[in-house]
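Scroll down for the structure; my scribbles are underneath it.
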Amino acid sequence: VEWVPRYLAEKSADYVQLIHCAVIRNTEGRYCVLRRIQRSSAGISRKLSLLVGGHVDRIETSGVPVSVQAVLYETLLRELEEEVGLAATELRPLGILCDRRTIDSSRHVAFVFEALATEDSALRVIATEEFSRRSRYSLKFLSVADLVEHEKDLDPWSRMTVSLLLSKPQRELGLKE
């Protein structure tokens, strides 16, 4: 795996950018949404998001061999803590997403995991450069049916994630059928 600075990867069709992200599910089977701030990237500004995480930065391994999976897992645990205060100890893989709407977006590949929040109140918006604290939707937990109802309000990656959730049998999501 060759790691290049993000600004170079964004300008070149020769690179695929890895994105690691997680949906946060509570014990009732509802999913946490956050409101993106107005200064977010085009297409996601002011939209609701199911996903916490982002681009995978350069990996420092000190010469020790490391798997991409281990890097995604460990850095995502850190992102969850830094962005919403979730001290997750376990992530469950949900799937891999690629946005094929444009050439630029198709160079982003998202590895989507699920993190369990045992207490909704323990979450808080820390990453104020990405998410709004003042929105009535920030840190609100919605059922999959509610997410479908609010689909037009979701960012593109979150809409794809809802499709991913709908494609999974309830037992795979840790829910009762």
Side-chain angles (χ1 to χ4, degrees), residues 6-7 9-11 13 15-26 28-57 72-73 75-86 88 91-117 120 123-168 172-173 175:
R6 182 176 173 188
Y7 74 91
E10 293 281 352
K11 295 179 183 179
Y15 299 104
V16 172
Q17 297 179 59
L18 296 180
I19 298 172
H20 62 295
C21 49
V23 295
I24 301 170
R25 179 176 59 86
N26 68 11
E28 297 170 1
R30 294 176 175 270
Y31 292 89
C32 182
V33 293
L34 295 141
R35 172 79 69 188
R36 292 275 178 188
I37 61 167
Q38 193 164 356
R39 294 180 304 275
S40 297
S41 302
I44 64 172
S45 179
R46 305 282 305 140
K47 293 287 188 179
L48 295 178
S49 181
L50 279 169
L51 301 169
V52 174
H55 287 79
V56 176
D57 295 324
L72 291 172
Y73 195 89
T75 56
L76 187 51
L77 287 174
R78 187 184 71 242
E79 293 262 0
L80 285 162
E81 178 84 35
E82 291 173 356
E83 292 186 13
V84 293
L86 179 62
L91 298 170
R92 214 169 47 84
L94 279 182
I96 300 171
L97 299 175
C98 182
D99 183 355
R100 297 175 189 250
R101 292 175 304 142
T102 68
I103 291 172
D104 286 342
S105 65
S106 68
R107 291 194 313 255
H108 295 81
V109 177
F111 292 82
V112 183
F113 295 85
E114 179 184 78
L116 181 64
D120 300 355
L123 298 177
R124 61 198 184 286
V125 174
I126 297 170
T128 55
E129 71 280 2
E130 292 187 54
F131 302 113
S132 171
R133 285 185 178 157
R134 296 190 178 134
S135 169
R136 69 184 173 116
Y137 282 106
S138 275
L139 300 176
K140 185 172 183 176
F141 282 79
L142 300 175
S143 68
V144 174
D146 290 335
L147 291 170
V148 170
E149 190 175 307
H150 289 282
E151 185 175 19
K152 68 181 182 344
D153 300 319
L154 296 171
D155 67 49
W157 289 97
S158 295
R159 285 195 300 271
M160 288 187 290
T161 302
V162 170
S163 295
L164 181 65
L165 292 170
L166 289 170
S167 72
K168 299 283 186 185
E172 281 187 44
L173 296 174
L175 306 174

To the nearest 0.5 Å, tell me how far [X] [atom1] sits from [Y] [atom2].
X      : Y      : atom1 : atom2 : result
Cys32  : Leu86  : SG    : CG    : 9.0 Å
Ser163 : Leu97  : OG    : CG    : 9.0 Å
Glu114 : Leu165 : CD    : CG    : 7.5 Å
Asp153 : Glu149 : CG    : CD    : 10.0 Å
Cys98  : Met160 : SG    : CE    : 7.5 Å
Ile24  : Leu34  : CD1   : CG    : 6.5 Å

Hey, are the side chains of [X] and [Y] touching, using non-hydrogen atoms and a 4.5 Å cut-off?
X      : Y      : result
Ile126 : Glu83  : no
Leu94  : Arg92  : yes
Arg30  : Arg25  : no
His150 : Leu142 : yes
Leu123 : Phe141 : yes

[Y] backbone acceptor or donor facing [X] side chain under 3.5 Å:
X      : Y      : value
Arg159 : Leu154 : yes
Ser138 : Arg133 : no
Ser158 : Leu50  : yes
His20  : Gly54  : yes

Apply side chain to side chain contact (heavy atoms under 4.5 Å, CB included) to the pair Val148 and Leu166, showing each step before the final yes or no. CA-CA 9 Å; Val148 170; Leu166 289 170; 3.8 Å; yes
What do the steps show when you test Leu147 against Thr161 for side chain to side chain contact (heavy atoms under 4.5 Å, CB included), and what is the final call? CA-CA 10 Å; Leu147 291 170; Thr161 302; over 6 Å; no
Which heavy atom of [X] sits nearest to which heavy atom of [Y], and what is that distance?
X      : Y      : result
Val144 : Tyr31  : CG2-CE1, 3.7 Å
Ser49  : Phe131 : CB-CE2, 4.3 Å
Phe111 : Ile96  : CE2-CD1, 3.6 Å

Sorted by chain and number, sequence neighbours left out, ring pair (Phe, Tyr, Trp, His ring centres under 6.0 Å) with Tyr73 holds for none
Under the criterion side chain to side chain contact (heavy atoms under 4.5 Å, CB included), which of Val23, Leu76, Leu80, Leu77 is the partner of Phe113?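 Exactly one pass, corresponding to Leu76.
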